[in-house]
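Keep in mind it's a predicted model, so treat the numbers as computed, not measured.
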Amino acid sequence: MSSTTNNEVTHDFPPLGIRAFKDGTVERLKGAEIVPPSTDPITGIRSKDVVIDPQTGLSARIYSPKTANPTHKKLPLLIYFHGGGFCIETAFSPTYHNYLNSLAAEANAVIVSVDYRRAPEYPLPIAYDDSWTAIKWVASHSERGGDEVWLNDYVDWDELFFAGDSAGANIAHNMAVRVGLEGLDGARLVGIALVHAYFWGKEPIGKEGDNIMGKALAENLWLFVCPSSSGPDDPLMNPVKDPNFSKLGCGKVLVCVAEKDMLRDRGWYYKEELEKSGWWGGAVEVMEAGGEGHVFHLSNPTCENAAAMLKRLAAFMN
């Protein structure tokens, strides 16, 4: 077989900046840069990296406010799942490092940002399995018996939250369902925040049917990262098709959508269906950013709508 045939492009997603080749090579044009942990000179937030599972390489970056002290009031804990279509970005990218520095400072919360393994080298459900392993590892510190001092000493285990953007919001939802089904020893999941969640479905919702290119991207990307899937009505992608949808294991949900995001209508649909599902939780709210597109808060973090969403996320955890 010639090298030309070996290097034939099999998948190409220009909006994400990733392409895969017939010989198994994957080229990432975006989301590949990383930055080291640090003490942020503006917010005073400290960060460090930890290895959760040496066998798989599963790791995380932990953020701690300068107010954290073993003798002071314990702080809320947020477990965050980064976006990037399950296939680009990491917990160590400058985009997420800078954003979570700001969120940890605004919310005065400890944050664990999970670096799950990415597709297509590690197709779904591996990212879900990694995320659950990370959650269990975090919760193992609830009796102060873990090996990470910041989690042992600084965290209020009755104030646990999950959040993520895009694919990370998809993960956050699915992990909350798993908490509802299996429980989480030593920690209480209070709520989840889903920012521009990557959900989809076979039947168009709202204006989805008018966006032919967007529909193709959402569906083709899903099969690229989860080739074993049955398609867009897979419960992992279309949560309302999940028979366990109403077992979401938290008491409140914040859904953030953006007016110009092709996933906007799916976020509103999630809210409406969750309210009708018989879910025991108390409240599901939607915050919509007018005139904005998908994950605008990461590309333009200083804009007015990004600042408002940061404050809303912080208030959700307090």
Plane angle bin for [Y] and [X] - parallel if under 30°, tilted between 30 and 60°, otherwise perpendicular:
| X | Y | answer |
| --- | --- | --- |
| Y198 | W222 | perpendicular |
| H196 | H297 | perpendicular |
| F245 | Y270 | perpendicular |

Distance in Å, [X] [atom1] paired with [Y] [atom2], rounded so as to fall on 0.5 Å steps:
| X | Y | atom1 | atom2 | result |
| --- | --- | --- | --- | --- |
| N101 | R46 | CG | CZ | 12.0 Å |
| R178 | I171 | CZ | CD1 | 12.5 Å |
| L310 | T302 | CG | OG1 | 12.0 Å |
| M287 | F316 | CE | CZ | 13.0 Å |
| L75 | T67 | CG | OG1 | 5.0 Å |
| N244 | K247 | CG | NZ | 4.5 Å |

With ring centroids as reference points, do [X] and [Y] lie under 6.0 angstrom apart?
| X | Y | result |
| --- | --- | --- |
| H72 | Y154 | no |
| F224 | F13 | yes |
| F92 | H97 | no |
| F21 | H11 | no |

[X]-[Y] side chain donor-acceptor pair, cut-off 3.5 Å:
| X | Y | answer |
| --- | --- | --- |
| D165 | Y96 | yes |
| W137 | E148 | no |
| S142 | D185 | no |
| S47 | R61 | no |
| H294 | S166 | yes |

For atom [atom1] of [X], is the number of surrounding heavy atoms from other residues, nucleotides or ligands below 6.0 Å larger than 12?
| X | atom1 | value |
| --- | --- | --- |
| K311 | NZ | no |
| E121 | CD | yes |
| K241 | NZ | no |

When hydrophobic residues are tied together by side-chain contacts of less than 4.5 Å, even through go-betweens, does [X] share a cluster with [Y]?
| X | Y | answer |
| --- | --- | --- |
| V195 | I88 | no |
| I52 | V138 | yes |
| F162 | V295 | no |
| L103 | V114 | no |
| V26 | L217 | yes |

Any Lys/Arg nitrogen of [X] or [Y] sitting under 4.0 Å from an Asp/Glu carboxylate oxygen of the other?
| X | Y | result |
| --- | --- | --- |
| K276 | E272 | no |
| E219 | K202 | no |
| E285 | R312 | yes |

Output, in order, the C-alpha distance, side-chain angles, deciding distance and verdict of side chain to side chain contact (heavy atoms under 4.5 Å, CB included) for D147 and N152.
CA-CA 8 Å; D147 53 10; N152 285 336; over 6 Å; no
Whether the side chain of [X] engages the backbone of [Y] through a donor-acceptor N/O pair (distance < 3.5 Å, no angle test) should be reported.
| X | Y | value |
| --- | --- | --- |
| N170 | F199 | no |
| D130 | D115 | no |
| D40 | T43 | yes |
| D265 | K207 | yes |
| N238 | D234 | no |
| N174 | L236 | yes |
| K30 | P15 | yes |
| T133 | D129 | yes |
| N305 | G290 | yes |
| T10 | A20 | yes |

Is there a salt bridge (Lys or Arg N to Asp or Glu O under 4.0 Å) between R19 and D12 once you walk through the steps?
CA-CA 4 Å; R19 62 172 67 105; D12 191 5; 3.8 Å; yes
Does a side-chain heavy-atom distance below 4.5 Å link [X] with [Y]?
| X | Y | value |
| --- | --- | --- |
| V110 | Y63 | no |
| E275 | V284 | yes |
| D261 | E292 | no |
| R118 | E89 | no |
| F161 | I79 | no |
| K252 | V190 | yes |
| W268 | E273 | no |
| E259 | E288 | yes |

Could you tell me which non-hydrogen atom of L298 sits nearest to which non-hydrogen atom of P301, and how far apart they are?
O-CD, 3.7 Å
Would you kindly check if the NZ (Lys) or CZ (Arg) of K74 is within the cone defined by 45 degrees around the ring axis of W157 and under 6.0 Å from the six-membered ring centre?
no
So, is the end of the R266 side chain (NZ or CZ) under 6.0 Å from the ring centre of W200 and within 45° of the ring's axis?
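Checked: cation-pi criterion met.
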Test side chain to side chain contact (heavy atoms under 4.5 Å, CB included) applied to D49 and S59, step by step
CA-CA 7 Å; D49 296 341; S59 56; over 6 Å; no
Worked verdict on L248 versus H173 for side chain to side chain contact (heavy atoms under 4.5 Å, CB included)
CA-CA 8 Å; L248 196 69; H173 161 80; 3.6 Å; yes
Applying side chain to side chain contact (heavy atoms under 4.5 Å, CB included), run through V255 and V253 and close with a yes or a no.
CA-CA 6 Å; V255 179; V253 177; 3.9 Å; yes
